[in-house]
**Q** 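Sharing a structure with you now.
Computed from a predicted model, the values in this text were never measured in an experiment.
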Amino acid sequence: TFQVFPAGFGPTVYYESAVGAALCVPALLHTVAARDGDCDAMLIGCFLDPGLRAAREVSSVPIYGGGEAAMLLSQFLARRFGIVTIEDSNIPEISEYVAAMRLADRCVGINSVSTPYYALVRDTGETLRRLEDRALPLLNAGAEAIILGCMSFGFHPFADELAARLDVPVLDPVRSGIAAA
């Protein structure tokens, strides 16, 4: 059984930026500590996995990050990967995360669909079109797999639909995190 535990406080602006990622960590740590005995494992609800290492320090259960899980899982499926995220403002932070994981030489690039997280399922056909449009240059650059760079992509079967269109593995960070758990 899976449950979602929303943080009780946190940023109301700067969602898709370094500032938003930093501002959400105190709420994340508070939520992890408050829910520590309520589950067997936890998955952070952001591709950037903000506060992942700190959350692991305050929890007695395993803490997983969808971004980390997807990037590591991609290594079993492909030599090189590309990431498609939601907004351009995420690209610098994702790039830093890829480098911190020592996977920069395997990542051919990061593109965005230029759509805020809350609008991804408003018009799923348009989102899928944008995903394909932004994934194709990554494939042309040598990617053998595509990683969806936002947990909100997991609220619709975008990964399966895009994989069928592109004929390459497409990793959803929600499913990757659950698989890791």
**Q** Considering all heavy atoms of both residues, which atom of Ser89 and which atom of Pro92 are nearest to each other, and what is their separation?
**A**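 What the structure gives for the nearest pair is O-CD, 3.6 Å.
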**Q** Between the side chain of Thr31 and the main-chain N/O of Ala27, is any donor-acceptor distance below 3.5 Å?
**A**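 Between the backbone of Ala27 and the side chain of Thr31 there is a qualifying donor-acceptor contact (under 3.5 Å).
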**Q** Whether the side chain of Thr127 engages the backbone of Leu120 through a donor-acceptor N/O pair (distance < 3.5 Å, no angle test) should be reported.
**A** yes
**Q** Could you go through Glu126 and Arg129, starting from their C-alpha distance and side-chain angles, then the distance that decides it, and tell me whether this counts as salt bridge (charged side-chain N to carboxylate O under 4.0 Å, His left out)?
**A** CA-CA 5 Å; Glu126 176 61 14; Arg129 185 196 66 72; 2.7 Å; yes
**Q** Taking all heavy atoms of Ala55 and all of Leu28, pick out the closest pair and write down the distance.
**A** CB-CD2, 4.4 Å
**Q** Working to the nearest 0.5 Å, report the span between CD1 of Ile63 and CD1 of Ile44.
**A** 6.5 Å
**Q** Quick one: NE2 on His156 to OG1 on Thr124, what's the gap to the nearest 0.5 Å?
**A**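 Going from the NE2 atom of His156 to the OG1 atom of Thr124 covers 4.0 Å.
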**Q** To the closest 0.5 Å, what do you measure between CG (Leu148) and CG (Leu171)?
**A**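 That separation rounds to 8.0 Å.
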**Q** Determine the minimum heavy-atom distance between Leu52 and Tyr64, stating which atoms define it.
**A**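 Leu52 and Tyr64 have their closest heavy atoms at CD1-C, 3.9 Å.
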**Q** Which heavy atom in Val113 sits nearest to a heavy atom in Arg130, and how many Å separate them?
**A**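 Closest approach of Val113 to Arg130, heavy atoms only: O-NH1, 2.7 Å.
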**Q** Would you compute the distance between atom CD1 of Ile94 and atom OG1 of Thr85 and round it to the nearest 0.5 angstrom?
**A** 3.5 Å
**Q** Looking at Met151 and Pro173, what are the two nearest heavy atoms and their distance?
**A** SD-CB, 3.5 Å
**Q** Hey, are the side chains of Glu87 and Pro116 touching, using non-hydrogen atoms and a 4.5 Å cut-off?
**A** yes
**Q** Is there a donor-acceptor pair closer than 3.5 Å between any side-chain N or O of Asp49 and the backbone N or O of Glu68?
**A** yes
**Q** Between CD1 of Ile146 and CZ of Arg165, what distance do you get to the nearest 0.5 Å?
**A**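 CZ of Arg165 is found 14.0 Å from CD1 of Ile146.
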**Q** If I compare all heavy atoms of Ser59 with all of Val32, which pair ends up nearest, and what's the gap?
**A**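 Minimum heavy-atom contact is CB-CG1, 3.7 Å.
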**Q** Under a 4.5 Å cut-off applied to non-hydrogen side-chain atoms, are Leu77 and Glu144 in contact?
**A** no
**Q** Is any side-chain heavy atom of Phe158 less than 4.5 Å from a side-chain heavy atom of Val170?
**A**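 In short, these two side chains do not touch, never coming nearer than 4.5 Å.
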**Q** Check whether any side-chain heavy atom of Phe153 lies under 4.5 Å from a side-chain heavy atom of Val174, and answer yes or no.
**A** no
**Q** Let me check something: any side-chain donor-acceptor pairs from residues 100-107 under 3.5 Å, sequence neighbours excluded? List them with distances.
**A**
residue	atom	partner	partner atom	Å
Arg106	NE	Gln75	OE1	3.1
Arg106	NH1	Gln75	OE1	3.1
Arg106	NH1	Arg79	O	3.3

**Q** Do Asn111 and Pro137 have side chains that get closer than 4.5 Å, going by heavy atoms?
**A**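 A side-chain contact under 4.5 Å exists here.
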**Q** Working to the nearest 0.5 angstrom, can you tell me the gap between Arg80 CZ and Ser74 OG?
**A** 12.0 Å
